[in-house]
Amino acid sequence: MTEDGDVREIAALLEDEYAHAILIHTSDRAMSADELSNACDASVSTIYRRIERLREHDLLAEQLQLDREGHHYRTYTARLQRIEIELEDGAFEMEVTYRPEDAADRFTDLFEGLR
């Protein structure tokens, strides 16, 4: 069973226009905070605040990318596939279904854990 506060937090987060847009834009490809800032017409600081909130609820995955000059930056991909909320016996129950991670994502997470 899910705490009522969790249901409220996630519902409020999904109602937020920037969090909503971030999930939509990252549902088909990974995007950096700068790309999301342009796509969502929001400041980078606003995007980073929403990214943090989405990551707190495991709705957004983060990957480290390396460019040709040796610099690195992070990209983000929506993990959310489906949310079901039911009201049963006087309590909310929420089930979150996540997109499956691919092998490259798991390898990246493993590599970052070794650093």
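Taking each heavy atom of Cys40 and His25 in turn, the nearest pair found is SG-CD2, 3.8 Å. Counting all heavy atoms, side chain and backbone alike, Arg74 lies closest to Leu64 at NH1-CD1, 3.8 Å. Here the shortest heavy-atom pairing between Leu60 and Arg55 reads O-CG, 3.6 Å. Nearest heavy atom pair, residue Ala33 against residue Tyr76, reads N-CE1, 4.2 Å. Here the closest non-hydrogen pair linking Ala30 and Thr77 is CB-OG1, 3.4 Å. In terms of heavy-atom proximity, Ala78 sits nearest to Arg99 at O-CD, 3.3 Å.
Of the N and O atoms on the side chains of Glu15 and His20, not one donor lies less than 3.5 Å from an acceptor on the other residue.
Residues Leu59 and Tyr48 fall within the same hydrophobic cluster, defined by Ile, Leu, Val, Met, Phe, Trp and Tyr side chains chained together at heavy-atom separations under 4.5 Å. Tyr18 and Leu54 are not part of a single hydrophobic cluster, where members link through side-chain heavy atoms under 4.5 Å apart.
Both the sub-6.0 Å distance and the 45° axial angle are satisfied by Arg79 relative to the ring of Tyr98.
Two residues are said to be in side-chain contact when any heavy atoms from C-beta on lie closer than 4.5 Å; Glu56 and Glu52 meet this criterion. Between Val44 and Leu36, the closest side-chain pair of non-hydrogen atoms is not below 4.5 Å.
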After noting the C-alpha distance and the side-chain angles of Gln65 and Thr75, does the key distance pass the side chain to side chain contact (heavy atoms under 4.5 Å, CB included) rule? CA-CA 7 Å; Gln65 305 292 327; Thr75 59; 3.2 Å; yes
Would you check, one step at a time, whether the test side chain to side chain contact (heavy atoms under 4.5 Å, CB included) holds for His71 with Leu66? CA-CA 6 Å; His71 300 100; Leu66 300 174; over 6 Å; no
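Summarising the geometry, atom NE2 belonging to His57 is positioned 5.5 Å from atom CD1 belonging to Ile10; distances are rounded to the nearest 0.5 Å. In this structure, Ile22 CD1 and Ser37 OG are separated by 9.5 Å, a value rounded to the nearest 0.5 Å.
Of the possible polar contacts, none joining the Thr46 side chain to the Ala42 backbone as a donor-acceptor pair under 3.5 Å is found. Between the Glu35 side chain and the Ser32 main chain, a donor and an acceptor come within less than 3.5 Å of each other.
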Side-chain donor-acceptor pairs of residues 80-89 under 3.5 Å, sequence neighbours excluded:
residue : atom : partner : partner atom : Å
Arg82   : NE   : Glu84   : OE2          : 3.0

